Amino acid sequence: MATASSPALQNLLKVGTKIVAVGRNYVAHAKELGNAVPKEPVLFLKPTSSYLPNGGTIEVPHLLNSLDHEVELAVVIGKKARDVPEDTAMDYVGGYALALDMTAREIQSVAKAAGLPWTVAKGQDTFTPISSVLSLSMVPDPDNLELWLKVDGETRQKGSTKDMIFKIPYLISYISSIMTLFEGDVILTGTPEGVGPVKVGQEITAGITGLLDVQFNVEKRQKAR
């Protein structure tokens, strides 16, 4: 079994092919954005090029002054999964991480109103800040983790994975019935309530209570010369 610091465990994110994000997986978050509580998982994809390691700088795109923060538990897949039954789904988990699903809310709102995809609002470089990967032994109960996020030291989000509408085994089974999950792929399991803007010059700290924390600065994306 890989440990938290083992190269094999940390290499998982480098070999993954995709990030599958789950929207509106906490009732309070769905309601705070004025969305209906879903009857089945709401899925969207993010590119792995959006990863940003701990300590990095989140880049706000040109013409924007802020991004919305969304703190999430990331499930890292440990082996190929297709049509996985729910009762064996946890056998396919290779580890866990903390991730942020950074969102250009203005762009997303325009896209949603027009019935268009959210890719531009969710998939830009640095829009998936992520921690190192935690081993399974370090996370014995992924259904009872406290996630938190602060902006300049002020608590913005705090919630528990026990409040997820769709639990991890169901998500793995559901997603793998639609698309094959490969080693290193990541499922972002949704965010608790409290999402909001973070502006250029501010600092985000976030964590899983008792396990890890991360830190990211927020700056304007530099224009190409």
Side-chain angles (χ1 to χ4, degrees), residues 1-6 9-10 12-13 16 19-33 35 37-43 54 69-79 81 84-102 128-151 154-176 181 184-196 204-216:
M1 178 63 68
T3 63
S5 59
S6 73
L9 195 62
Q10 301 313 320
L12 279 176
L13 295 179
I19 304 165
V20 186
V22 182
R24 308 170 193 170
N25 200 25
Y26 290 75
V27 172
H29 171 60
K31 290 183 175 179
E32 74 177 346
L33 293 185
N35 295 313
V37 177
K39 292 181 170 58
E40 61 182 27
V42 175
L43 305 179
N54 184 21
H69 54 76
E70 301 186 8
V71 65
E72 315 206 5
L73 176 67
V75 176
V76 186
I77 298 300
K79 59 183 178 180
V84 172
E86 191 173 345
D87 59 359
T88 60
M90 297 302 285
D91 295 341
Y92 292 81
V93 177
Y96 299 93
L98 184 78
L100 308 182
D101 176 21
M102 301 305 297
T128 311
I130 194 162
S131 72
S132 57
V133 180
L134 296 170
S135 67
L136 299 180
S137 62
M138 295 182 70
V139 190
D141 188 6
D143 290 326
N144 190 28
L145 299 174
E146 184 181 70
L147 311 179
W148 59 269
L149 181 143
K150 298 179 180 181
V151 175
E154 175 190 357
T155 299
R156 294 281 191 87
Q157 291 186 267
K158 183 177 283 189
S160 174
T161 56
K162 70 177 186 296
D163 294 325
M164 287 195 296
I165 300 168
F166 303 106
K167 306 300 185 183
I168 294 169
Y170 181 83
L171 290 175
I172 294 172
S173 179
Y174 180 81
I175 294 167
S176 71
L181 292 167
D185 283 359
V186 162
I187 300 173
L188 299 183
T189 57
T191 191
E193 67 179 317
V195 302
I204 292 176
T205 52
I208 304 174
T209 301
L211 288 177
L212 60 76
D213 56 76
V214 293
Q215 178 273 329
F216 301 96

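Worth saying up front: this structure is predicted, and the values here are computed from it rather than measured. In what follows, every heavy atom counts, from backbone to side chain, and hydrogens, waters and symmetry copies are set aside.
Rounding to the nearest 0.5 Å gives a distance of 11.0 Å between CG of L147 and NZ of K158. The OH atom of Y96 lies 10.5 Å from the CD1 atom of I208; values are rounded to the nearest 0.5 Å. Here CG of L181 is found 5.0 Å from CD1 of I77. Values are rounded to the nearest 0.5 Å. To the nearest 0.5 Å, atoms CG (L149) and CD (E70) are separated by 10.5 Å.
Between Q157 and P192 the shortest heavy-atom distance is NE2-O, 2.8 Å. Taking all atoms of both residues into account, the shortest heavy-atom contact from A206 to L100 is CB-CD2, 4.2 Å. Minimum interatomic distance between P41 and Y174 (heavy atoms only, all atoms of both residues): CG-CD2, 3.7 Å.
A 4.5 Å side-chain heavy-atom check between T205 and D213 finds every atom pair outside the cut-off.
With sequence neighbours excluded, no residue forms a side chain to side chain donor-acceptor pair (under 3.5 Å) with E193. In this structure Y92 satisfies the ring-ring contact (aromatic ring centres under 6.0 Å, His included) test with no other residue, sequence neighbours excluded. Residues meeting the side-chain contact (heavy atoms from CB on, under 4.5 Å) test with S131, sequence neighbours left out: A97, L98, L212, V214. For D185, the salt bridge (Lys or Arg N to Asp or Glu O under 4.0 Å) test picks out K18, with sequence neighbours left out. Residues satisfying the side chain to side chain donor-acceptor pair (under 3.5 Å) test with T189, not counting sequence neighbours, are none. In terms of the side chain to side chain donor-acceptor pair (under 3.5 Å) criterion, residue partners of E146 (sequence neighbours excluded) are, by chain and number, T209. In terms of the salt bridge (Lys or Arg N to Asp or Glu O under 4.0 Å) criterion, E72 has no residue partners (sequence neighbours excluded).
Side chain of H69 to backbone of V195: no donor-acceptor contact under 3.5 angstrom is found. At least one donor-acceptor pair under 3.5 Å links the side chain of S173 to the backbone N or O of V84. Looking only at distances, a side-chain donor or acceptor of Q10 sits under 3.5 Å from a matching main-chain atom of V133.
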Next item on the list: Verify side-chain contact (heavy atoms from CB on, under 4.5 Å) between L9 and S135, making sure each step is shown before the conclusion.
Entry: CA-CA 7 Å; L9 195 62; S135 67; 3.9 Å; yes
Derivation of the side-chain contact (heavy atoms from CB on, under 4.5 Å) call for D101 and T191
CA-CA 8 Å; D101 176 21; T191 191; over 6 Å; no
Contacts table for residues 159-171: side-chain donor-acceptor under 3.5 angstrom, sequence neighbours left out:
unit_1: S160; atom_1: OG; unit_2: K162; atom_2: N; d: 3.1
unit_1: T161; atom_1: OG1; unit_2: P142; atom_2: O; d: 2.7
unit_1: T161; atom_1: OG1; unit_2: N144; atom_2: N; d: 3.2
unit_1: T161; atom_1: OG1; unit_2: L145; atom_2: N; d: 2.9
unit_1: K167; atom_1: NZ; unit_2: K162; atom_2: O; d: 2.6
unit_1: K167; atom_1: NZ; unit_2: M164; atom_2: O; d: 3.0

